[in-house]
Structures are given as structure tokens and as C-alpha cells.
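One structure is given below, encoded as C-alpha cells.
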Amino acid sequence: MGWELGAAGLAVGMLIATLTAPVGVSGAVFLLPVQLSVFAVPNPAVTPTNLLYNVVAGPGALLRYRRDGALTGPLVRRLVLGTLPGVVLGAVIRVFALPGPQVFRLLVAALMLPLGIWLITRTLRPVAPENRRPEPRPRTVTGLALVVGVVGGIYGIGGGSILGPILVGRGVPVAKVAPAALASTFATSLVGAATYALLALAHPGSIAPDWLLGLACGLGGLIGGYLGARLQPRLPETFLRLLLGTLATALGALYTINALR
């Protein structure tokens, strides 16, 4: 990899993480189409490369949230315990059952587009306080995290980009969701990247991560994630909810267009 590609990966990773870290999204979900279309990372190697990005980039935002005392509380533990076994299963499914990029993109689009629209609608037209549903129960959160861990293992996104919109849409404050989602993303990405590396030893094809590109993008994400986490306390809740919904909707639309080409 030439220095030009490394510099491009650094810049892309930093820009994406700065925009997504305030709402608990690592940015890997937006890095994915860039890797496929611009950097030409082979499929399914793009998934472990994204997980590698999360591993390198994650500590930037987490360090800032830890300084603010936002990484304490049961939500972090529930999300991590639920997503860890799921990401291993998702990695196996990705390698042996979903190798095609077309199906891969359609699944992302079908999941993220309605999720983003739903969150924007709930933010612009909030439910009356007396009609609001309570925050999900602990067992529900753990079960949801397990399912999202499988999805995150398949997509290489860690799961935070899915957990964030769902939990925020259910009434959990963004300031509470963001650090917990990023913590689970980091933990599952670490396990997921290791799983893909082991699968690469026994499976033919390009399923090992692109180490150089993943590290370059991750370094940019490390810087951008810290900056984004530092910005979060200065941004209003409504803006953060709309930002999260807009990111999810844009991602779903982008993948829909790419899948239909």
C-alpha cells in the first residue's frame, strides 16, 4: 500500500469517526462502502478489515468517555455480554453462508433504512409522555445485543450502529447509549477480528483483514473518535437523535443504490 492510500485511509477514518462517535457509532458501517468501492478491498475480507478499524479506532472515543465517567453503569455490561458470543457466530455465517456482496448490501439496506426513518420520525413527532413506552428491560437489552452481535459479526460493524438507533428510539438518552454502544463495538470487534484471522487459516480465499489499510483507517478513527466524544456533551439531545437517524437512513439509501446497480 502506497503512502497516498494510507493517507486517504487516515483522512476518511478521522472524518467518519468525528461525525459518528457522538451518537455511539464507530463509523465502520460507513467505512464499508468506501472500502468496497474506493479501496477495492476484496469480499469478504472487507468485514474483518472493518473490525480491525474498530479495534484501532475504538480507544479514542472510549478514553474520552471514560474521563467523563460515562462508561460506568449496567448498560455497558449488558451490551458487551450479549454481543460477544453473537459476533463469533456472525463471523462464521459471513464466511460460509453469505460470501456474495449483493446479498450483503441488500441486508444492510433492509435493516438500516427503516430503522433510520423510524428514529427521525420519533424525534420530530415525539410520543406524548403518558404514552411513551418504558426503557427496555435488562433481559431484553441482553437478548437484543446477542442478535445485534450476530448481525455485527456478519457486517463487520461491531453492532453499535444498530444498537444505538434501537435503544435511542426506545427512549434511552443518547448520552447513555453512545459510550455503551462504543464499548460493545470495541469488545466485539476485537473478538470478531480474531475469529476471522483464525478462520483464514482453514478457509481458502481473502477473509483475512487488509492489515495496512485497516490500521491506517483505524488511526484516523482513533483521532476522530476522541474529537467526536469530546463534542457530544455540547450537543443537544434532539440534534444527536436526528444525527443518528440521518446517518442510519443515509447508510440504508446508499446500500440500496449500490445493491440495485
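Positions are given from 1 along the sequence. All figures in this text were calculated on a predicted structure; none of them were measured in a lab.
- For A229 against A61, the heavy-atom pair with the smallest separation is CB-O, 3.7 Å.
- Within the 4.5 Å cutoff, no side-chain heavy atoms of L163 are placed close to those of V141.
- A donor-acceptor distance shorter than 3.5 angstrom exists from the side chain of E237 to the backbone of V174, with no hydrogens or angles considered.
- Looking at every heavy atom in both residues, A109 comes nearest to P114 through O-CD, 3.9 Å.
- If you chain together hydrophobic residues whose side chains sit under 4.5 Å apart, V168 and V147 never meet in one group.
- The two residues G116 and A248 come nearest to each other via the heavy atoms CA-CB, 3.6 Å.
- With hydrogens and angles disregarded, a donor-acceptor distance shorter than 3.5 Å links the side chain of S184 to the backbone of A181.
- Looking at P85 and L146, their side chains come closer than 4.5 Å, going by heavy atoms from C-beta outward.
- Nearest heavy-atom pair, P165 versus L244, reported as atom, atom and distance to 0.1 Å: N-CD2, 3.6 Å.
- The side-chain hydrogen bond (donor to acceptor under 3.5 Å, both in side chains) check on T123 picks up R241, with sequence neighbours excluded.
- Taking all atoms of both residues into account, the shortest heavy-atom contact from P22 to A17 is CD-O, 4.4 Å.
- When the side-chain hydrogen bond (donor to acceptor under 3.5 Å, both in side chains) test is applied to R78, no partner is found at least two apart in sequence or on another chain.
- Taken together through direct or relayed side-chain contacts under 4.5 Å among Ile, Leu, Val, Met, Phe, Trp and Tyr, L115 and V148 form part of one hydrophobic cluster.
- Both L119 and V23 are assigned to one and the same hydrophobic cluster, defined by single-linkage of ILVMFWY side chains at heavy-atom distances under 4.5 Å.
- In this structure, L182 and A21 approach most closely via the heavy-atom pair CD1-O, 3.8 Å.
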### Working for side chain to side chain contact (heavy atoms under 4.5 Å, CB included), residues L242 and L124
CA-CA 8 Å; L242 287 174; L124 295 177; 3.8 Å; yes

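- For residues 11-23, no residue pair satisfies the side chain to side chain donor-acceptor pair (under 3.5 Å) rule, not counting sequence neighbours.
- Here CG of L79 is found 10.5 Å from CG of L84. Values are rounded to the nearest 0.5 Å.
- Atom CG of residue L10 and atom CG of residue L215 lie 11.5 Å apart, to the nearest 0.5 angstrom.
- Of the possible donor and acceptor atoms, one in the side chain of T249 sits under 3.5 Å from a partner among the backbone N and O of I117.
- Connection of V38 to L219 is not established within any shared hydrophobic cluster, with ILVMFWY side chains joined at heavy-atom distances below 4.5 Å, either directly or through further cluster members.
- The same ILVMFWY cluster, assembled from side-chain heavy atoms under 4.5 Å apart, contains both L213 and V34.
- Using a 4.5 Å heavy-atom cutoff, the side chains of P136 and L144 are not in contact.
- Using a 4.5 Å heavy-atom threshold, the side chains of L227 and L231 count as separate.
- Note that CG of L167 and CG of L75 are 6.5 Å apart. Values are rounded to the nearest 0.5 Å.
- Between the OG1 atom in T185 and the CG atom in L190 there is a gap of 12.5 Å [rounded to 0.5 Å].
- Rounding to the nearest 0.5 angstrom, the gap separating the CG atom in N50 from the CD atom in Q35 is 4.5 Å.
- Separating the OG1 atom in T142 from the CZ atom in R77 is a distance of 10.5 Å, to the nearest 0.5 Å.
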